[in-house]
Amino acid sequence: MQSTRLVLACLAGLLASALMRAPESGAERAGWLEPHIEFYWPEEGEEPVPAVILFSGCGGVRQQQSEYADAANRAGVAALVVDSHAARGIGRLAGRLLVCTGLRMRGQARAGDVFSALQIARNDPRIDGERIALAGWSHGGWTLLDALSYARDAAAPPGLERLPAVPLEGVRGVLLVYPYCGWIIRADREPIVADIPVTAWLVEKDRIANPNACAQVFERQGQHGAAIDWTLYEGLTHAFDAPDQPFDPRMEYDEDATRQAHARFAAWLNESLAGDASPR
């Protein structure tokens, strides 16, 4: 029975991929995506405020994203949590069976959500459009890497007609948390933009997103001029900072390490978004 359900789910995912939405304008994609973005606002601070846009892993938005959003708010930064899964009608089971296996919504297709979310943030008068950061976990990290590669080529990702003239306008920094860096990512082959600093947190015991593969991608990107600063944290697994992940022996929640990660996240935001921005 379980194997039959898996086969049917895979076939459904392949059919959904075959029936992908026609390419949309930026305004159309933004209008489609905005109902699936949750906004978190700091209690204090004068508007407009800087903002960070968060992209979850392949299983979808979980408690993890709200905790990092709260950490951003305590640092005086607004947070936008993008639910790419809900926008496509992908539930928990389909996320694990289809997205986490690469059968549906690969990072290349999801990259269009990055540019649309940026448009939504820049159009919000409460947000300082010149001080925006991007952060992605696992599949969300893959998504950001590929978005950076499309921006470098001025090429539209699947589902978008074209990129804005300045696709990453206002972006001051990108954070990748145990990103997936396998051979199927576009950034494994194509350079990413070189003028936005990228920070990556890799974990030693990652059995889902190979940190060595990421290190190799980062080294190659560095040869193309990309500014990527990565750190390998010992003793931690994939999703170490996700308290509500479904059971998986490859993932172990670490409460102390999570608190430290939240503090690092706030410090990274303060460093990335401090001061006046120059137009990008």
Side-chain angles (χ1 to χ4, degrees), residues 26 29-30 48-55 72 75 77-80 82 107-108 110-124 127-137 140-158 160 162-181 185-202 213-231 264-280:
R29 171 64 72 91
V49 295
V52 59
I53 306 176
L54 281 61
F55 294 86
V77 177
L80 285 66
V82 179
Q108 293 91 330
R110 194 181 177 194
D113 293 4
V114 176
F115 303 111
S116 297
L118 280 168
Q119 179 179 337
I120 292 166
R122 287 193 296 262
N123 288 341
D124 193 314
I127 291 174
D128 182 347
E130 291 298 334
R131 290 197 292 160
I132 300 175
L134 303 172
W137 285 254
W142 167 11
T143 297
L144 292 181
L145 279 170
D146 278 359
L148 294 175
S149 76
Y150 283 115
R152 167 79 177 246
D153 293 343
L160 278 185
R162 65 185 65 85
L163 289 185
V166 188
L168 298 174
E169 181 180 1
V171 175
R172 303 285 298 277
V174 175
L175 176 65
L176 313 173
V177 185
Y178 41 79
Y180 178 74
C181 297
I185 76 169
R186 189 178 195 270
D188 185 59
R189 304 174 300 280
E190 303 295 337
I192 67 173
V193 295
D195 60 344
I196 297 177
V198 177
T199 299
W201 300 344
L202 309 180
C214 284
Q216 293 170 9
V217 169
F218 298 161
E219 289 173 0
R220 288 197 296 274
Q221 291 293 347
Q223 295 171 4
H224 293 290
I228 304 179
D229 178 23
W230 76 91
T231 303
R264 283 199 307 273
F265 180 67
W268 171 76
L269 287 173
N270 286 329
E271 180 179 355
S272 300
L273 301 175
D276 296 329
S278 52
R280 191 175 297 284

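Side-chain contact between Ile192 and Ile228 is present, with at least one heavy-atom pair separated by less than 4.5 Å. Looking only at side-chain heavy atoms (C-beta outward), Arg162 and Phe115 stay at 4.5 Å or farther from each other.
Shown here for Leu80 and Ala51, the closest heavy-atom pair between the two residues is CD1-CB, 4.2 Å. For Gly173 against Trp268, the heavy-atom pair with the smallest separation is C-CZ2, 3.7 Å. Closest approach of Pro157 and Leu163 over heavy atoms only: CD-CD2, 3.7 Å.
No donor-acceptor distance shorter than 3.5 angstrom exists from the side chain of Ser116 to the backbone of Asp113, with no hydrogens or angles considered. Gln119 places no side-chain N or O within donor-acceptor distance of the main-chain N or O of Arg29, the cut-off being under 3.5 Å. Side chain of Arg110 to main chain of Ala147: no donor-acceptor pair is present (N/O by atom type, distance under 3.5 Å, no hydrogens or angles). Side-chain atoms of Asp229 do not come within 3.5 Å of backbone N or O of Thr199 as any donor-acceptor pair. Between the side chain of Arg131 and the backbone N or O of Leu273 there is at least one donor-acceptor pair closer than 3.5 Å.
Note: Leu269 CG to Leu175 CG = 8.0 Å, rounded to the nearest 0.5 Å. Here the straight-line distance linking atom CD of Glu130 with atom CD of Glu169 works out to 5.5 Å at 0.5 Å rounding. Atom CG of residue Asp146 and atom CZ of residue Arg189 lie 7.5 Å apart, to the nearest 0.5 angstrom. Atom SG of Cys214 and atom CG of Leu176 lie 8.0 Å apart (nearest 0.5 Å). Here the CZ atom belonging to Phe265 is positioned 5.0 Å from the CG atom belonging to Leu54, to the nearest 0.5 angstrom. Here CH2 of Trp137 is found 7.5 Å from CH2 of Trp201. Values are rounded to the nearest 0.5 Å.
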Starting from the C-alpha separation in whole Å, work towards a yes-or-no answer on side-chain contact (heavy atoms from CB on, under 4.5 Å) for Val193 and Val171. CA-CA 12 Å; Val193 295; Val171 175; over 6 Å; no

Checking side-chain contact (heavy atoms from CB on, under 4.5 Å) for the pair Leu168/Leu148: CA distance, chi angles, key distance, verdict? CA-CA 8 Å; Leu168 298 174; Leu148 294 175; 3.7 Å; yes

Could you check Tyr150 against Glu190 for side-chain contact (heavy atoms from CB on, under 4.5 Å), going step by step and ending with a plain yes or no? CA-CA 9 Å; Tyr150 283 115; Glu190 303 295 337; over 6 Å; no

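Under the side-chain hydrogen bond (donor to acceptor under 3.5 Å, both in side chains) criterion, Asp153 pairs with Arg186, sequence neighbours left out. With sequence neighbours excluded, the residues satisfying side-chain hydrogen bond (donor to acceptor under 3.5 Å, both in side chains) with Tyr178 are Gln64, Asp241. Applying the side-chain hydrogen bond (donor to acceptor under 3.5 Å, both in side chains) test to Arg220 and every residue at least two apart in sequence or in another chain returns Asp188.
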